[in-house]
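Below is one structure, written out as structure tokens, with a few remarks after it.
Naming convention: chains lettered A, B, ... in sequence-line order (proteins, then strands); numbering from 1 in each chain.
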Amino acid sequence: MTENVTAKGGQGGGPAWEPKVVAIFCNWCSYTGADLAGISRLKYPAGLRIVRVMCSGRVSPAFVLKAFHEGADGVLVGGCHPGDCHYLEGNYKTLKRKLVFERLLEQFGIEKTRFRLEWISGGEGDKFARVANELIKEIEALGPLGSVAERLRQADGLSLRAEGGAGSA
Amino acid sequence: MPESKKKLKLALYWAASCGGCEVAVLDLDEKILTVAELADIVLWPVALDFKYKDVEALADGSVDVCLFNGAIRNSEQLEIAELLRRKSKVMVAFGACACYGGIPALANQFDRESIFARVYGTTPSTVNPGRVLPQTKLPTPQGELHLPTFYNAVYKLDDVVDVDYYIPGCPPPPDLIWTAVEAIVSGKLPPKGATIAGERALCHSCLRKKEEKKVTAFRRVHEVIPDPEKCLLEQGIICSGPVTRDGCGTRCLNANMPCRGCFGPTPEALEHGASMLSAAATMAEGKDEATLAPILDGIVDPLGTFYRFTLADSLLRIRNKALVAGAEEKEGEEAAS
Ligand code: SF4
Ligand code: SF4
Ligand code: FES
């Protein structure tokens with residue numbers, strides 16, 4: 001994980017709780033776009049952490065679930081605009097997954113708005129900043145989500161053994 | 001080797017399960033007699049009349065193997081899992097429910113209150129005007145009776161006790177059970193934590209023709225009779241073969257039914273449901289939302305489809321309570337009143 005984008009606190013005097021949002025950006029477009037936002041000194045919220053992957057097509061839904069599992073309040077996936085993917089078809093895969101994945105999240109009781117897919121080109125620093133600020137606002141309105149470990153603890157108060165075992169999760 | 005002459009002590013237990021795993025043991029047919037020769041059964045509630053106190057009376061670690069099927073849904077099951085773990089040298093999670101939560105874990109989309117409201121209130125076959133719900137304590141003239149606590153969530157066995165081996169399947173097929181029995185009897189046990197099944201994806205054993213065709217419509221099994229020669233996924237029928245462990249003998253595919261994933265995720269799958277969602281969704285033909293959305297809407301109930309047997313082993317595991325509390329309970333109450 002590289003973070004060469006300067007994170008700037010966006011909400012002076014904002015709420016005590018600050019949403020944690022994981023942004024997973026493709027190297028060729030969205031990451032460059034976020035970088036440009038940094039260079040242009042556009043403000044975006046400090047609670048947004050950017051993870052760089054080579055292509056949005058690499059973002060398995062499991063990555064997003066893992067972020068929610070750990071207690072992210074939202075996840076933003078960024079890729080190149082349709083037709084612009086460095087690997088030709090990666091972002092189409094991302095779109096296909098998203099169309100099913102957001103329904104899955106709702107079945108898990110996680111609001112659709114906590115997960116967002118955006119096409120952000122290398123030149124769209126302003127779009128990145130707008131999307132990031134919008135998303136944080138929406139998540140602030142929803143409130144914190146909490147980690148799965150917390151949710152399980154609240155469910156029955158059992159002290160569960162460390163994860164692992166038969167499956168992979 | 002005098003040790004091998006000594007009869008093995010075997011315990012079999014069912015927790016939140018349907019009984020299918022018990023039948024699977026009986027499906028060993030005549031081999032069950034060999035098992036009876038090799039082993040003394042110390043607990044088998046479905047077949048033999050033992051009491052929990054008989055097990056409590058045994059020395060810790062004196063049971064050689066416990067085959068534990070079913071998930072953990074209530075406090076009694078947790079208690080017995082802990083008891084049997086203490087008494088047993090080898091604890092085996094037997095079947096999909098013990099390994100991954102199985103079908104019972106699908107109830108993790110709801111909490112206790114909404115489950116009770118539905119089961120004891122709004123199901124069409126229920127008449128319960130007094131709205132009687134299960135209680136953990138019941139005063140009677142003879143004294144207070146205590147019943148197990150029904151949990152909000154379903155857990156897999158290794159959430160609550162240390163598990164040595166996993167035998168997946170709904171239920172595990174007899175040949176795998178036999179492989180496990182032989183390994184135990186001969187003392188040639190695999191490394192701790194091993195899953196007694198294939199290592200690769202089920203697709204490797206599937207003989208259906210694969211052409212990497214794109215899907216223009218998804219269909220459910222009751223909507224179509226699939227071509228028995230062709231890959232089901234390519235016919236738009238969700239088949240969990242690409243992300244599910246091999247080892248069942250492709251028994252569903254042989255019956256022209258898709259794999260539902262009862263053998264759990266392959267070692268490479270990042271997460272069973274997420275990996276299958278990805279495998280299925282990316283089959284859709286199209287490049288824009290207008291084309292793709294109607295195709296992908298054909299995947300109804302993604303959670304129930306992709307986590308049919310593995311919800312208790314998933315990354316999210318239970319529905320976020322903040323949302324569940326309101327909606328379903330209210331629905332239950334309105335319908336009940
Ligand atoms: S997806 Fe199913 S039908 Fe297709 S090859 Fe794999 S196991 Fe066979
Ligand atoms: S085909 Fe799939 S669902 Fe059927 S027995 Fe095999 S692993 Fe289980
Ligand atoms: S490289 Fe940007 S989406 Fe594929």
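We find the CG-CG distance between A:D156 and B:N152 to be 5.0 Å, quoted to the nearest 0.5 Å. One distance of note links CG of B:L292 with NZ of A:K98; it measures 11.0 Å at 0.5 Å rounding.
Remark: A:Q107 engages B:D301 in a side-chain hydrogen bond (donor to acceptor under 3.5 Å, both in side chains) (not counting sequence neighbours). Annotation: side-chain contact (heavy atoms from CB on, under 4.5 Å) contacts of A:Q154 (sequence neighbours excluded): none. Judged as a side-chain contact (heavy atoms from CB on, under 4.5 Å), and not counting sequence neighbours, the contacts of B:C170 are B:A96, B:C262, B:F309.
The local environment of CZ in A:R58 is sparse, with at most 12 non-hydrogen atoms from other residues, nucleotides or ligands closer than 6.0 Å. Residue B:K214 places its NZ atom among more than 12 non-hydrogen atoms of other residues, nucleotides or ligands, all under 6.0 Å distant. Atom CD of A:E134 sits in a crowded spot, with more than 12 heavy atoms from other residues, nucleotides or ligands closer than 6.0 Å.
One finds no salt bridge joining B:D158 and A:R161 here, because no Lys/Arg side-chain nitrogen approaches an Asp/Glu carboxylate oxygen to under 4.0 Å.
Closest approach of A:L104 and B:P302 over heavy atoms only: CD1-C, 3.9 Å. Summarising the geometry of B:A293 relative to A:L99, their closest heavy-atom pair is N-CD1, 3.9 Å, with the distance given to 0.1 Å. For the pair B:A274 and A:P61, the tightest heavy-atom approach, listed with the atom from each and the gap, is O-CG, 3.8 Å.
Looking at A:F63, only its side chain comes within 4.5 Å of chain B, counting heavy atoms on both sides. Residue B:Y165 does not touch chain A at all, counting heavy-atom pairs closer than 4.5 Å. Interface remark: B:V243 contributes no atoms to any contact with chain A (heavy atom separation under 4.5 Å). With a 4.5 angstrom heavy-atom cutoff, A:L152 touches chain B via backbone and side-chain atoms both. A:L158 touches chain B through its side chain: at least one heavy atom from C-beta onward sits under 4.5 Å away, while N, CA, C and O do not. The contact between B:L311 and chain A is made entirely by side chain atoms (from C-beta outward), counting heavy-atom distances below 4.5 Å. With a threshold of 4.5 angstrom between heavy atoms, B:A153 approaches chain A through its backbone and through its side chain.
In this structure, the side chains of B:L316 and A:I110 come closer than 4.5 Å at one or more pairs of heavy atoms. Side-chain contact check for B:L303 versus A:F108: some heavy-atom pair is nearer than 4.5 Å.
Across B:G264, B:A284, B:G304, the residue that shares the most heavy-atom pairs under 4.5 angstrom with chain A is B:A284. Options B:A98, B:P168, B:S278 differ in how many heavy-atom pairs under 4.5 Å they form with chain A, and the most are formed by B:S278. Between chain A and the residues B:D288, B:L78, B:D162, the largest count of heavy-atom pairs under 4.5 Å involves B:D162. Ranked by heavy-atom pairs under 4.5 Å with chain A, the first of B:D297, B:V163, B:T305, B:T310 is B:D297.
Using a 4.5 Å heavy-atom cut-off against chain B, the contacting residues of residues 85-97 of chain A are A:E89, A:Y92, A:K93, A:L95, A:K96, A:R97.
For the pairing with B:L315, the side-chain contact (heavy atoms from CB on, under 4.5 Å) check across A:V148, A:L65, A:V64 returns one residue only, A:L65.
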